[in-house]
Amino acid sequence: MKRREFLQSSSAVALFALSSRRAAYAAVRSGATPDVAAVTGDGRPITLRGADIEDLAAQLRGPLLLAGDDGYEEARLILNPSFDKRPALIAQVTGVADTQAAVQFAQAHQLLLAVKCGGHSHSGQSTCNGGMMIDLKDLRGVRVDPRARRAWVDGGTLLGHVDHESTACGLVTPLGTVSHTGVGGLTLGGGFGRLSRRYGMAIDNLESVDLVTADAQLRRASAADHRDLFWALRGGGGNFGVAVTFEFRLHPMRRQVIAGKLTFPIEKARDVLRMFADYAPEAPDELYMDPVLLRPPGGAPGLATVEVCYSGEHADAERALAPLRKLGTPLQDTIQAVNYELVQRMNDATDARAVATYLKGGFISELSDKLISAIVDGLEGHPDRATLLFFQHCGGAAGRVAESATAFAHRYALANMMTVVGWPHGAEPQEHIEAARRHWRALQPFTRGFYINDMAREASVQDVNENYRGNYQRLVAIKTKYDPGNLFRLNANVQPAGRPLRQEARGRLTPFG
Ligand code: FAD
């Protein structure tokens, strides 16, 4: 067959395949796909033509969901049910090719675009009204190479999956503290957990990230490739594209750690916080502490708890825990030798969607007596609302990295302090949100910025910019280079310099740009 004939026949085959997949999509929808009302990134209403939606569906291996389709109602939700948003389209991508097609479509139509991994965003950034959601729930998988001490993690994976695979090989990488949190959002924002004082934050253990950028190109970011992007991805959040693979370094660690909780009545709250104030700065790197104050709903007695995880030699654990033992006899003591993977599931939600939540958080570099008073005095009880004040112990290896080494700019932190209120989903939220804000107004003066992964839903552009501290200008330059039209804006957004440029979607995609 002559080359021209071959090309003609192969494009005919491709066209036939495309039109039959489009027809299959239309058949599933029992008829032609309707035009769909949508919004652009800057909020302009647009109409997506049914034929264009069918073309996109035909390019995807995973489903493309519209309102009314099976699975749409589940897919549009994130963990916090108070974000009740309805994307115009949900692309449940299965790999790089699907992700590129979805990004290209969003770019071509200038669609508002949300990316969902674990759906844990406190500010609801992983869903949207009227735009496209790229749902990574079918892009989950972990491959461990025990000899190279590396894990390759797909962009939609939850962190429990990584712990499961790595601990089976006697290896770990430091991720967060709740196993159903997404590796995607957690890592791109920084990633603190029970091992970050020992091995650094999640970003400090990244070797490379494969990323689909706003021009739908696949790029590898590492110390050798796209180094600017690699720097920005370590703390700059979802600003730069869709991360499809993370490569993490792994560390040998015995499977059992010494972990659990000491629980005291709430009247002990000041003592618990003073212990943390004194001991947290000098604790060994192997010790992670998380003081938690709880006012349960309905007048049940309040509790002051210290969660701990000691990952060093078991023989040294009691010495490391001695300052906690001085708190006296607890109501309950669950500290014991236990599999790290189980500890990582200790705080998993059983029915997260039943409770709506609102969180405020900020980094502290010390826990002064004044702050302790503001915390304890402001912790209100309520018939329907649970109020929680808790910390994540920072410092150690996470604090020994230069602030300009990665985009994450809060290496000084002793702890991340957060207050959360939770109320039954469906109840009027305003009263509960106001209570949290009231408490936070007294605490905020003691903080020095916030963790972008705990960004409040009302954070202003100025709050976000300032929060990147000395790294902000460099982030703007990298954002302008890779996403000049601000396609990836549902995050702790770094706005590109100058007028947003309109990028034409590219016709042909190469494996690595
Ligand atoms: P999503 O809501 O899916 O996404 C959050 C943001 O990340 C969005 O802007 C999204 O677009 C972007 N994003 C997600 N995946 C990708 C990807 N693959 N490519 C590009 N962009 C992406 N943080 C800690 O550091 N340590 C903890 O121990 C910890 N515990 C938590 C426990 C709970 C119950 C909750 C609700 C949050 C916790 N967090 C913790 C905060 C957590 O890091 C953030 O909520 C984080 O954004 C969650 O990531 P996700 O993928 O689940 O979220």
Side-chain angles (χ1 to χ4, degrees), residues 75 77-80 83 85 93 96 99 103 112-128 131-137 139-140 153-160 174-196 201-203 209-214 221 233 235-246 288 290 307 309 343-349 352 355-359 361 363 388 390-394 398 408 410 413 416 418 420 422 450-456 483 487-494:
L77 294 177
I78 61 172
L79 182 83
N80 185 343
F83 296 103
K85 298 192 175 173
V93 299
V96 172
T99 306
V103 167
L112 179 65
L113 179 63
V115 179
K116 179 168 93 163
C117 173
H120 274 213
S121 170
H122 291 293
S123 48
Q125 307 283 347
S126 40
T127 186
C128 60
M132 173 192 273
M133 175 199 278
I134 295 183
D135 181 0
L136 302 174
K137 79 160 183 50
L139 191 60
R140 289 188 176 157
V153 178
D154 291 340
T157 307
L158 306 184
L159 63 90
L175 295 167
T177 55
V178 170
S179 84
H180 48 74
T181 310
V183 172
L186 179 124
T187 303
L188 295 169
F192 287 104
R194 295 183 173 95
L195 302 177
S196 46
M201 298 172 69
I203 48 172
V209 181
D210 288 355
L211 188 80
V212 175
T213 45
L233 289 170
N239 268 292
F240 305 95
V242 184
V244 286
T245 312
F246 295 94
Y288 168 87
D290 172 5
E307 289 184 19
C309 178
V343 180
Q344 289 288 81
R345 287 196 240 139
M346 184 164 78
N347 292 330
D348 284 6
V355 180
T357 57
Y358 176 83
L359 178 138
F363 289 114
L388 224 72
F390 65 106
F391 298 82
Q392 279 192 313
H393 193 178
C394 306
F408 179 82
H410 300 273
N416 183 17
M418 289 158 277
V420 186
F450 57 87
Y451 182 25
I452 64 165
N453 280 357
D454 296 335
M455 187 175 76
D483 184 15
L487 180 66
F488 297 102
R489 66 178 69 204
L490 290 178
N491 42 52
N493 195 219
V494 176

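Just so you know, residue 1 is the first one in the sequence shown, and it goes up from there. First listed ligand is number 1; within each ligand, the first listed atom is number 1. Because the structure is a prediction, the values reported are computed rather than measured.
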Asker: Return the residue, atom name and 0.1 Å-rounded distance of the protein heavy atom closest to atom 14 (C) of ligand 1.
Answerer: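 The closest one turns out to be G185 N, 3.2 Å.
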Asker: Search all heavy atoms of L112 against all heavy atoms of C128 and return the closest pair with its distance.
Answerer: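 Shortest heavy-atom separation between L112 and C128 comes out as CD2-CB, 3.7 Å.
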Asker: Given side chain to side chain contact (heavy atoms under 4.5 Å, CB included), test L188 with F246 step by step and report yes or no.
Answerer: CA-CA 10 Å; L188 295 169; F246 295 94; 3.9 Å; yes
Asker: So for F488, does at least one of its heavy atoms come nearer than 4.0 angstrom to any atom of ligand 1?
Answerer: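 False for this residue.
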Asker: Report the part of L490 (side chain from C-beta onward, or backbone N, CA, C, O) that has a heavy atom under 4.0 Å from ligand 1; answer both or neither where that applies.
Answerer: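 Looking at L490 and ligand 1, just backbone atoms fall under 4.0 Å.
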Asker: Quick check on G191 - does any of its heavy atoms sit under 4.0 Å from an atom of ligand 1?
Answerer: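 Within the 4.0 Å threshold, so yes.
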Asker: Check contact between H180 and ligand 1, using heavy atoms of the residue and a distance below 4.0 angstrom.
Answerer: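 Under 4.0 Å: no for H180.
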Asker: Pull out every atom of ligand 1 sitting under 4.0 Å from any heavy atom of D454, numbered as shown with elements.
Answerer: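 The list of qualifying atoms is 41 (C).
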Asker: What distance do L186 atom CG and T157 atom OG1 have between them, rounded to the nearest 0.5 Å?
Answerer: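 Going from CG on L186 over to OG1 on T157, the span is 12.5 Å.
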Asker: Out of T157, N493, L159, N453, whose heavy atom sits nearest atom 42 (C) of ligand 1?
Answerer: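 The nearest heavy atom belongs to N453.
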Asker: Are any of the N/O atoms on G182, whether in the backbone or the side chain, positioned under 3.5 angstrom from an N/O atom of ligand 1?
Answerer: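 Indeed, backbone or side chain, G182 has an N or O that close.
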Asker: Minimum heavy-atom separation for N491 and F488, please, with both atom names.
Answerer: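 Reported closest heavy-atom pair: ND2-O, 3.1 Å.
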Asker: So for ligand 1, is F246 a polar contact partner (N or O within less than 3.5 Å, distance only)?
Answerer: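 By distance alone, the answer is no.
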Asker: Under 3.5 Å, N or O to N or O, is L79 touching ligand 1 that way?
Answerer: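 Checking ligand 1 against L79, no N or O pair falls under 3.5 Å apart.
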Asker: Check whether N80 reaches the backbone of H122 with its side chain - one donor and one acceptor, N or O, closer than 3.5 Å.
Answerer: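 No, N80 side chain to H122 backbone: no donor-acceptor pair under 3.5 Å.
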Asker: Start with the C-alpha distance between Y288 and L195, add both sets of side-chain angles, then the distance that settles side chain to side chain contact (heavy atoms under 4.5 Å, CB included), and finish with yes or no.
Answerer: CA-CA 7 Å; Y288 168 87; L195 302 177; over 6 Å; no
Asker: Which value, rounded to the nearest 0.5 Å, describes the distance between L79 atom CG and T357 atom OG1?
Answerer: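 OG1 of T357 is found 7.0 Å from CG of L79.
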Asker: Measure the NE2-OG distance between H120 and S126 for me, rounded to the nearest 0.5 Å.
Answerer: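 These two atoms lie 9.5 Å from each other.
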Asker: Please check: side-chain N/O of H180 versus main-chain N/O of A349, any donor-acceptor pairing under 3.5 Å?
Answerer: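 Answer holds: yes.
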Asker: Mark up the atoms of ligand 1 that fall under 4.0 Å of a heavy atom belonging to G155, in ascending order.
Answerer: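 The atoms of ligand 1 under 4.0 Å from a heavy atom of G155 are 18 (N).
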Asker: For atom 5 (C) of ligand 1, what's the nearest protein heavy atom and its distance?
Answerer: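 For atom 5 (C) of ligand 1, the nearest protein heavy atom is S121 CB, 3.9 Å.
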Asker: For atom 36 (C) of ligand 1, which candidate among R194, H120, M201, K116 holds the nearest heavy atom?
Answerer: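 Heavy atom nearest to atom 36 (C) of ligand 1 belongs to H120.
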Asker: What atoms in ligand 1 come closer than 4.0 Å to a heavy atom of T177?
Answerer: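 That gives atoms 27 (C), 28 (O), 30 (N) of ligand 1.
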Asker: Between D483 (side chain only) and A214 (backbone N and O only), is there a donor and an acceptor less than 3.5 Å apart?
Answerer: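 Checking the backbone N and O of A214 against the side chain of D483, no donor-acceptor pair under 3.5 Å is found.
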Asker: For T181, is at least one N or O under 3.5 Å away from an N or O on ligand 1?
Answerer: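 Such a contact does not occur with ligand 1.
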Asker: In the protein, which heavy atom is nearest to atom 25 (O) of ligand 1, and how far is it?
Answerer: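 So the nearest neighbour among protein heavy atoms is Y451 OH, 2.6 Å.
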Asker: Between the side chain of N239 and the main-chain N/O of G236, is any donor-acceptor distance below 3.5 Å?
Answerer: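 Judged by distance alone, yes, a pair lies under 3.5 Å.
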Asker: Under 4.0 Å from a heavy atom of G176: which atoms of ligand 1 are those, numbered in the order shown and with their elements?
Answerer: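 Result: 26 (N), 27 (C), 28 (O).
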Asker: Hey, is ligand 1 close enough to Q392 that some N/O pair sits below 3.5 Å?
Answerer: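 Checking ligand 1 against Q392, an N or O pair does fall under 3.5 Å apart.
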Asker: State which residue, out of Q392, E307, R345, fulfils the side chain to side chain contact (heavy atoms under 4.5 Å, CB included) condition with T177.
Answerer: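 Going through Q392, E307, R345 one by one, the side chain to side chain contact (heavy atoms under 4.5 Å, CB included) with T177 is satisfied by Q392 alone.
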Asker: Using a 3.5 Å distance criterion without hydrogens, assess whether the side chain of K85 forms a donor-acceptor pair with backbone atoms of I78.
Answerer: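 Checking the backbone N and O of I78 against the side chain of K85, no donor-acceptor pair under 3.5 Å is found.
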Asker: Applying a 4.0 Å heavy-atom criterion (strictly less than), which segment of L136 is in contact with ligand 1: side chain, backbone, both, or neither?
Answerer: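 For L136, the contact with ligand 1 is made by the side chain alone.
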Asker: Below 3.5 Å, N or O to N or O, backbone or side chain included: is there any such pair between L186 and ligand 1?
Answerer: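 The answer is yes, given that L186 and ligand 1 share an N or O pair closer than 3.5 Å.
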Asker: Where is the nearest protein heavy atom to atom 15 (N) of ligand 1: which residue, which atom, and how far?
Answerer: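 That would be C117 CB, 3.1 Å.
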Asker: What are the two closest non-hydrogen atoms of M455 and F450, and how far apart are they?
Answerer: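 Where M455 meets F450 most closely, the heavy atoms are CG-CE1, 3.8 Å.
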Asker: G119: heavy atom below 4.0 Å from ligand 1, yes or no?
Answerer: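 Judged by the 4.0 Å heavy-atom criterion, G119 does count as contacting ligand 1.
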Asker: Taking the ring centre of each residue, are F192 and F408 less than 6.0 Å apart?
Answerer: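 Judged by ring-centre distance (under 6.0 Å), F192 and F408 do meet the cut-off.
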Asker: What about V183: any of its N or O atoms under 3.5 Å from an N or O on ligand 1?
Answerer: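 No.
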Asker: For Q125, take its heavy atoms, then give the atoms of ligand 1 lying under 4.0 Å from any of them.
Answerer: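 Those atoms are 9 (O).
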Asker: Report, in ascending order of atom number, the atoms of ligand 1 lying under 4.0 Å from any heavy atom of V178.
Answerer: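 Result: 32 (C).
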Asker: Could you tell me, atom by atom, which parts of ligand 1 come under 4.0 Å of a heavy atom of F192?
Answerer: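 Counting atoms of ligand 1 from 1, those under 4.0 Å from F192 are 24 (C), 25 (O), 26 (N), 27 (C), 28 (O).
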Asker: Quick one: closest heavy-atom pair of L233 and V209, and the distance?
Answerer: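 Smallest heavy-atom distance, with atoms named: CD1-CB, 3.8 Å.
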Asker: Under 3.5 Å between any N/O of H122 and any N/O of ligand 1: does that happen in this structure?
Answerer: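 Between H122 and ligand 1 (N or O atoms, distance only) the closest approach is not under 3.5 Å.
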Asker: Is the shortest distance from a heavy atom of G156 to ligand 1 less than 4.0 Å?
Answerer: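 It does not, in that no heavy atom of G156 comes within the 4.0 Å cut-off of ligand 1.
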Asker: Please report whether ligand 1 has a polar contact with V242, defined as an N or O pair separated by less than 3.5 Å (distance criterion only).
Answerer: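 So ligand 1 has no N or O lying under 3.5 Å from an N or O of V242.
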Asker: Identify which of V115, T127, T357 has a heavy atom lying nearest to atom 10 (C) of ligand 1.
Answerer: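 Going through V115, T127, T357 one by one, V115 has the nearest heavy atom to atom 10 (C) of ligand 1.
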Asker: Check A413 against F363 and note the closest heavy-atom contact, atom names and distance.
Answerer: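 In terms of heavy atoms, the two residues are closest at CB-CD2, 3.5 Å.
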Asker: If only atom types and distance count, is the side chain of Y451 paired as donor or acceptor with the main-chain N or O of G191 below 3.5 Å?
Answerer: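 Indeed, once roles are kept as given, a pair shorter than 3.5 Å links the two residues.
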Asker: Give the residue and atom name of whichever protein heavy atom lies nearest to atom 19 (N) of ligand 1, and the separation in Å to one decimal.
Answerer: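 Nearest neighbour among protein heavy atoms for atom 19 (N) of ligand 1, to 0.1 Å: A243 N, 2.8 Å.
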Asker: Does ligand 1 come near enough to N491 that some N or O of the ligand is less than 3.5 Å from an N or O of the residue?
Answerer: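 N491 vs ligand 1: no N/O contact under 3.5 Å.
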Asker: Which option out of A492, G238, S196, G241 puts a heavy atom nearest to atom 20 (C) of ligand 1?
Answerer: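 Considering heavy atoms of A492, G238, S196, G241, the nearest to atom 20 (C) of ligand 1 sits in G241.
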Asker: Calculate, to the nearest 0.5 Å, the distance between atoms CG and CG belonging to D154 and L136 respectively.
Answerer: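 These two atoms lie 9.5 Å from each other.
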Asker: Identify, by atom number and element, the atoms of ligand 1 in contact range of S126, meaning under 4.0 Å from any of its heavy atoms.
Answerer: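 Under 4.0 Å from S126, ligand 1 has these atoms: 1 (P), 2 (O), 3 (O), 4 (O).
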Asker: For the residue pair L490 and Q125, what are the closest heavy atoms and their distance?
Answerer: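 Closest approach of L490 to Q125, heavy atoms only: C-OE1, 3.1 Å.
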Asker: Under 4.0 Å, heavy atoms only, figure out whether ligand 1 is touched by the backbone of L188, its side chain, both or neither.
Answerer: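 The part of L188 near ligand 1 is the side chain, not the backbone.
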